[in-house]
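The structure under discussion appears below in the form of C-alpha cells.
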Number of protein chains: 2
Amino acid sequence: MDGAQTYQVSVNTVSENCTSCSLAAGCLPKGLPWQQWRQLDALARHPAVFVRRQRIYSQNAPFYSCYIVKSGAVKTVYINAQGQERVLGLYLPGDLFGLDGVGDGSHTCSAQALERSLICRINFADLEQHMARMPKLQRLLLQLMSDQLNAAHGLICSLSQSTAEERVVRFILELSDRYRQRKLSGTEFRLAMTKTDAANYLGLAVETLSRVLGRLRNRGLIRIQGRQLQILNEAALKAIADPSHIFLDS
Amino acid sequence: MDGAQTYQVSVNTVSENCTSCSLAAGCLPKGLPWQQWRQLDALARHPAVFVRRQRIYSQNAPFYSCYIVKSGAVKTVYINAQGQERVLGLYLPGDLFGLDGVGDGSHTCSAQALERSLICRINFADLEQHMARMPKLQRLLLQLMSDQLNAAHGLICSLSQSTAEERVVRFILELSDRYRQRKLSGTEFRLAMTKTDAANYLGLAVETLSRVLGRLRNRGLIRIQGRQLQILNEAALKAIADPSHIFLDS
DNA sequence: CGGTGGTTTGACCACGTTCAAGAGAAGTGG
DNA sequence: CCACTTCTCTTGAACGTGGTCAAACCACCG
C-alpha cells in the first residue's frame, strides 16, 4: 500500500546496554553524573541497524519510545492528506528524536533512516520513571525539547522571511556547525539527505536548490560534486545568511 | 531605543495563589489530582495585569519563569538582526508559554500582551522541583512542549506547501477550534491579533491577507468587519483547508 | 480635532514554481 | 561485468502567486 516500507531486516543488536556500548560517546546521558548514567544504562537496550529508507516509526503509530542516533542519519517527515511529504527534521549521531508523540500518545510524523544507521530505542515509560529520580535528566529532556522547538522556530522564520539563497546558505552553515560540534570537519562534508529531501526541508523546489547551489559554486563560495560539499569562503556565506551589514552593498 | 516598551504599569496582584483564584478553571494544573493540585498551588503566585503591547519577557533575557494566560491574549515574536519581527505563537486563556528559554537558559523570543491580559508567572525552579514529586505534572510539561512542537511543525508545513488562501482558511479554522475548546462560539469571534500580526504569523504580506479575506467574504464563506469574524460556511472552508477531494471541483 | 496605527485597493514586478527534457548516478538481475 | 531500470540531479523556458510600493481611507484616542 504504502510504498516498499515494510522491510524485515535482521535487527542486529549491537550491545545490550550503554556501558558496554562502543558508541557511548555523544549519547543522551552526556552531562549526567557517572552514577546516574549507570542507572540510566538499563534503559537503552536495543541499539539496532536500520537500512536506507527503513522506517523507525510511523506517523499515527502509538508512542512508546524515543530514539537516539548512534551512527548514520535520520529524517522525520510529515505526510499530509494528499500524500505529499514534508521533511521536518534531520538527526545526526547523538541526536534524540521521537518525542513528537508525547503530546497525544501517538507519533505525528514518521522517522526514516537516510543511510545505514545505528539507532538506540529508549522506552518512554522507563525514561519517565528515571526522570523523577534524576533531576538532571528531567532538565535535560526539557532542554532537548526546547532546543527542537527553537530549531522549528528558526525554520519558520527562514521560511517566511528569507530568500531561497539565504535559506540554502543557512542550511549549509547549520550543517557545518553540527558536524563541527561532533568533532568532524566543518568545511568539507557529505550532505546526509538527497537534494530532493534538502529542498523539501527548506521549502523549495529541487530545481531552485540546484540553481542556487550552482550559483554559489560559480561565485567560488563552495565546491559541490554530488553530495560532497566543501565550503571555500565561509565569511561570504555568513554575510549572505545574516544580511545585517547593508552598508557595503554596491 | 526599542519602541515604547518599558511601561511601568501598576501590577495588580489578582490573587495570591491558585486555590483562591477565580480563574482557576482552564489552568495548567487541570488534569492533576486534587491533592497534587494543592501542592502546586504555591507556585503560581503572581497573576498580574499586562496592558496592550506590554512585554511579559524579552528576547535574550535570562529564563526564570514560564507563564499562563488567565485572560486576554499573548503573542510571542522573534526579532532578527535586521529588526524585523516574526510572530511565532498566539496564546489564549489557559495556554502556557515561555518555555522557549529552557534550552540554554535565556529566552529566544519576546512575549507581548495583545490586549489587557491577566498572566500568571510560575517560577521554573519551583516547577522543576514539583515535577520530580509529581509524575503527572512531569508528563504534563512534556506534553505541553510536544504540543507546541507539533504546532510549529504544522506551521512549517503550511508555510512551505500551501497557498495564501489555504493558510488563511486554516488559521481561521484553528482559531475556531481553540475558541470552541474554551466553550466559546466557534463560528463568531474576534481576531485576537491585528491583521498585520496575523499576516506576519502566516508568513504573508498584510495586503495579501486583506485580499484573501475580501475574496472569502465575496464568496459568502465568512463575514468580517474589522476584527469581528463570522464563519458562514464552515464546510466550504474545511474543503479549502484540506484539498484532498479534488474530484468535485468545477 | 489632528494624529497615529491599522486596513484596503490598485498597479507593477520579481522570485520561485512548474513543466519538459535530458544527463548522470546508483541499484538490480542476468 | 554489463545492460537495465529507477532514482537523482541539472538546465532551460514560461508562467503565476504573492510581494512591494504608493495612496487613500478609517477608527480610535488623546
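Every chain is numbered from 1, with letters handed out A, B, ... down the list of sequences.
- Atom CD of E115(A) is separated from atom P of dT8(D) by 14 Å (rounded to the nearest Å).
- Contact check for L144(A) versus D95(A): no side-chain heavy atoms found under the 4.5 Å cut-off.
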All N/O contacts under 3.5 Å from nucleotides 27-29 of chain D to the protein, with atom names and distances to one decimal?
none

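- We find that CG of L159(B) is positioned 17 Å from C1' of dT17(C), with the value rounded to whole Å.
- C66(B) has its side chain within reach of L96(B): a pair of non-hydrogen atoms, C-beta onward, lies under 4.5 Å apart.
- Counting only residues at least two apart or on different chains, the ring pair (Phe, Tyr, Trp, His ring centres under 6.0 Å) pairs with a member in residues 186-237 of chain A are F171(A)-Y201(A), Y179(A)-F189(A).
- Taking five base pairs at each end of the helix from dC1(C)-dG30(D) to dA26(C)-dT5(D), the local helix axes there meet at an angle of 50°, rounded to 10°.
- Scanning both residues, S146(B) and G103(A), for their nearest heavy atoms gives OG-N, 3.0 Å.
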| request: Using a 4.0 Å cut-off on protein heavy atoms (strictly under), produce a 5'-to-3' string for nucleotides 11-23 of chain D with B for base contact, S for backbone-only sugar-phosphate contact, and - for none. | output: BBB----SSBBB-
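- Judged purely by distance below 3.5 Å, without hydrogens or angles, the side chains of D100(B) and Y78(B) never pair a donor atom with an acceptor atom.
- A donor-acceptor pair shorter than 3.5 Å cannot be found between the side chains of T208(A) and R211(A).
- Side chain of R223(A) to main chain of L229(A): no donor-acceptor pair is present (N/O by atom type, distance under 3.5 Å, no hydrogens or angles).
- The nearest whole Å value for the distance from the CG atom in N200(A) to the P atom in dT17(C) is 11 Å.
- A salt bridge does not link K195(A) with E207(A): every distance from a Lys NZ or Arg NE/NH1/NH2 to an Asp or Glu carboxylate oxygen is 4.0 Å or more.
- The aromatic ring centres of Y67(B) and Y91(B) sit 6.0 Å or more apart.
- Here the shortest heavy-atom pairing between G203(B) and S160(A) reads CA-CB, 3.7 Å.
- Between the side chains of T108(A) and N150(B), at least one donor N or O sits under 3.5 Å from an acceptor N or O.
- Counting only heavy atoms from C-beta outward, the side chains of I240(A) and V168(A) never approach each other to under 4.5 Å.
- In this structure, the CG atom of L213(A) is 17 Å from the P atom of dT8(D), given to the nearest Å.
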Each nucleotide N or O in nucleotides 4-6 of chain C that has a protein N or O under 3.5 Å away: list the pair and distance.
| unit_1 | atom_1 | unit_2 | atom_2 | d |
| --- | --- | --- | --- | --- |
| dG5(C) | O3' | R53(B) | NH2 | 3.0 |
| dG6(C) | OP1 | R52(B) | NH2 | 3.1 |
| dG6(C) | OP1 | R53(B) | NH2 | 2.7 |

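- Take S65(A) and apply the side-chain hydrogen bond (donor to acceptor under 3.5 Å, both in side chains) test, not counting sequence neighbours, and it matches R121(A).
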